[in-house]
Amino acid sequence: LPICQISSNQSLGTIEQKIKNLLSLANIKAQSEGVMPNPSGSLGSLPYSTIFKMAKEIKNHSNKTLVEIYAKKDILTIGPLSIDFNLREL
């Protein structure tokens with residue numbers, strides 16, 4: 001699943017948007033590999049509070065953070081896409 005580097009010197013809003021973009025890439029990759037979205041078109045959901053908490057953690061790092069999305073469990077074609085994040089300060 002997708003990986004990106006996010007710099008801590010950006011605004012909190014920009015960091016949140018980069019996390020959302022990374023989630024979008026994970027959804028696109030999952031769909032391209034055959035995971036079917038639910039009737040609303042979603043592959044899963046992530047509370048905004050999780051994104052906000054992650055953005056704040058990245059903002060508090062001294063430089064760049066490597067953000068990696070990984071599957072929490074085996075991914076089935078019928079979904080949902082259950083993911084988690086690994087943050088590593090560079």
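The structure presented is a predicted model; accordingly, all values stated were derived computationally and were not measured.
- Using a 4.5 Å heavy-atom threshold, the side chains of L23 and I69 count as touching.
- For E89 (side chain) and S62 (main-chain N/O), a donor-acceptor pair under 3.5 Å exists by modelled atom type.
- We find the CD1-NZ distance between I19 and K53 to be 12.0 Å, quoted to the nearest 0.5 Å.
- The distance from atom OG1 of T14 to atom CD1 of I6, rounded to the nearest 0.5 Å, is 10.5 Å.
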Should D84 and Y70 be marked as a side-chain contact (heavy atoms from CB on, under 4.5 Å) after you check the CA-CA gap, both sets of side-chain angles, and the distance that decides it? CA-CA 6 Å; D84 207 347; Y70 64 92; 3.4 Å; yes
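- Using a distance-only test at 3.5 Å, with no hydrogens or angles considered, no donor-acceptor pair links the side chain of S7 to the main chain of Q10.
- We find the NZ-CD distance between K56 and E16 to be 10.5 Å, quoted to the nearest 0.5 Å.
- Atom CZ of residue R88 and atom NZ of residue K64 lie 13.5 Å apart, to the nearest 0.5 angstrom.
- Between the CG atom in L22 and the CE atom in M54 there is a gap of 8.5 Å [rounded to 0.5 Å].
- In this structure, K59 places its NZ atom where more than 12 heavy-atom neighbours from other residues, nucleotides or ligands lie under 6.0 Å away.
- L66 places a side-chain heavy atom less than 4.5 Å from the side chain of I3.
- Taking 4.5 Å as the limit, every side-chain heavy atom of L90 sits out of range of all side-chain heavy atoms of N63.
- Between E33 and K29 a salt bridge is recorded (basic side-chain N to carboxylate O distance below 4.0 Å).
- A heavy-atom distance below 4.5 Å is found between the side chains of V67 and F85.
- Q31 and N27 share no side-chain donor-acceptor pair at under 3.5 Å.
- Hydrophobic clustering (ILVMFWY, side-chain heavy atoms < 4.5 Å, transitive): I58 and F52 are in distinct clusters.
- If you chain together hydrophobic residues whose side chains sit under 4.5 Å apart, Y48 and L12 fall into the same group.
- T65 contributes no side-chain N or O that, together with a main-chain N or O of L87, makes up a donor-acceptor pair within less than 3.5 Å.
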